[in-house]
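Working notes, beginning with the structure itself.
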Amino acid sequence: MVELRDVSFSYDAEKNVLEHVSFGLRPGEHVVLLGRNGSGKSTLGRLLNGSLRPSSGTVLLDGVDVTGAPRGVLARAAGYVRQDPLAQIVSDLGFDEVAFGPRNLGLSPAEVRERVEEALAACGIAPLAHRLTSELSGGQQQLLALAGALAMRPAHLVLDEADAHLDHATRTRLRAVVRTAVARGAGVLEIAHSGEALPDAT
């Protein structure tokens, strides 16, 4: 379980975007967080993922205080997929993009390949392994970003309006991947602007 306890956060040390927020995401749980633009939804997701640290309050991972831990601790536990895949794609080749996280864990080449192939297959995009990321459609790039998160084998996933600009076929595929992840015990937080969230979320 990843948990925020009485957390506040400010980008400018003057005005809090979040104030005294407590939230927990359990394994196998699929939660949708709805709200207006600028209401702090993405900030909350980034706090769960460790890419932001709270101004005050505590972040817990399986009951252990990880508020001041290295950012990678939470990043490995809670994968994060942004609305715009170009904001997180860092590699030229599909395989290398999905392998980026596992390689940074210091895994053997064999295990990296296993994780990449597994994640690409889970997202239904195995043929993209040898494609240039710059030549992919927006939907393909988003599925590649999701595969990159899955390759880390996180206990939790944060989807920050990840299906906002996808066509029907790609959105359906993404939803199937998420349903499978939840069925296998991953906790999923889906951040959405409207009520058009994944239909099986709570």
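The shown structure was predicted, so the numbers you read here are calculated from the model rather than taken from an experiment. For reference, positions follow the sequence shown, starting with 1.
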With distance as the sole test, does Gln140 use its side chain to make a donor-acceptor pair with the main-chain N or O of Ser137 at under 3.5 Å?
yes

Rounded to the nearest 0.5 Å, how far apart are CZ of Arg175 and CZ of Arg179?
8.0 Å

Close side-chain approach of Leu60 and Val66, heavy atoms under 4.5 Å:
no

Walk me through it: do Leu143 and Arg173 pass the test side chain to side chain contact (heavy atoms under 4.5 Å, CB included)?
CA-CA 9 Å; Leu143 289 171; Arg173 180 176 291 181; 3.6 Å; yes

Do Val31 and Met1 belong together in a cluster built from hydrophobic side chains that touch within less than 4.5 Å?
no

Leu25 and Glu3: CA distance, side-chain angles, deciding distance, side chain to side chain contact (heavy atoms under 4.5 Å, CB included) verdict
CA-CA 6 Å; Leu25 184 63; Glu3 182 181 3; over 6 Å; no

Is the closest side-chain heavy-atom distance between Ser134 and Asp92 below 4.5 Å?
no

Side chains of Glu29 and Val188, heavy atoms from C-beta outward: is any pair under 4.5 Å?
no

Quick one: are His30 and Val178 in side-chain contact, heavy atoms under 4.5 Å?
yes

Under 3.5 Å donor-acceptor, Arg53 side chain and Ala69 backbone:
yes

Answer yes or no: is there a donor N or O on one side and an acceptor on the other, between the side chain of Ser8 and the main chain of His20, under 3.5 Å?
yes

Are any of the side-chain nitrogens in Asp160 or Arg82 under 4.0 Å away from the carboxylate oxygens of its partner?
no

More than 12 heavy atoms from other groups under 6.0 Å of CZ on Arg103:
yes

Would you say Ser42 and Tyr80 make side-chain contact, with heavy atoms under 4.5 Å?
yes

If two hydrophobic side chains count as joined below 4.5 Å and joins carry through other members, does Leu128 share a cluster with Leu93?
no

Any donor-acceptor pair under 3.5 Å linking the side chain of Thr170 with the backbone of Asp167?
no

Ignoring hydrogens and geometry, is there a side-chain-to-backbone donor-acceptor pair from Ser10 to Lys15 under 3.5 Å?
yes

Tyr11 vs Thr43 side-chain heavy atoms within contact, under 4.5 Å
yes

Under 4.0 Å between a side-chain nitrogen and a carboxylate oxygen: does that hold for Glu114 and Arg153?
yes

Rounding to 0.5 Å, atoms CG (Asn49) and CZ (Arg76) come to a distance of 11.5 Å

Is it the case that one hydrophobic cluster holds both Leu132 and Phe100, taking links as side-chain heavy atoms less than 4.5 Å apart, direct or via other members?
no

Quick check on the hydrophobic clustering: are Leu166 and Leu159 connected, directly or via other members, by side-chain heavy-atom contacts under 4.5 Å?
yes

For Asn37 against Glu161, the heavy-atom pair lying closest together:
OD1-OE2, 4.4 Å

Measure across Gly40 and Val17 and return the closest heavy-atom pair with its distance rounded to 0.1 Å.
CA-CG1, 3.7 Å

CA sep, side-chain torsions, deciding dist, call: Glu190, Leu157, side chain to side chain contact (heavy atoms under 4.5 Å, CB included)
CA-CA 8 Å; Glu190 186 197 357; Leu157 278 174; over 6 Å; no

Flag, side chain of Gln141 to backbone of Thr133, donor-acceptor distance under 3.5 Å:
yes

Going only through I, L, V, M, F, W and Y residues with side-chain contacts under 4.5 Å, is there a path from Leu105 to Phe95?
yes

Derivation of the side chain to side chain contact (heavy atoms under 4.5 Å, CB included) call for Leu47 and Leu18:
CA-CA 10 Å; Leu47 287 166; Leu18 296 176; 3.7 Å; yes

Note: Pro154 and Ala77 closest approach over all heavy atoms is CB-O, 3.6 Å

Write down the atom of Ala147, the atom of Val98, and the distance for their closest heavy-atom approach.
O-CG1, 3.7 Å

Working to the nearest 0.5 angstrom, can you tell me the gap between Glu118 CD and Arg113 CZ?
14.0 Å

Report yes or no: does Ser22 contribute a side-chain atom to a donor-acceptor pair with the main-chain N or O of Asp6 at less than 3.5 Å?
yes

On a heavy-atom basis, the closest approach of Val182 and Gly28 is CG1-O, 3.5 Å

Backbone of Asp84 reached by a side-chain donor or acceptor of Gln142 within 3.5 Å:
no

How long is the straight-line distance from CG of Leu44 back to CZ of Phe23, given to the nearest 0.5 Å?
6.0 Å

Is the closest side-chain heavy-atom distance between Val7 and Thr58 below 4.5 Å?
no

Give a yes or no on whether the backbone of Val90 and the side-chain of Glu97 come within a donor-acceptor separation of less than 3.5 Å.
yes

For Cys123 and Val177, which heavy atoms make the closest approach, and how far apart are they?
CA-CG2, 3.8 Å

Any donor-acceptor pair under 3.5 Å linking the side chain of Lys41 with the backbone of Leu34?
no

Taking side chain as C-beta onward, heavy atoms only, is Val158 less than 4.5 Å from Ile191?
yes

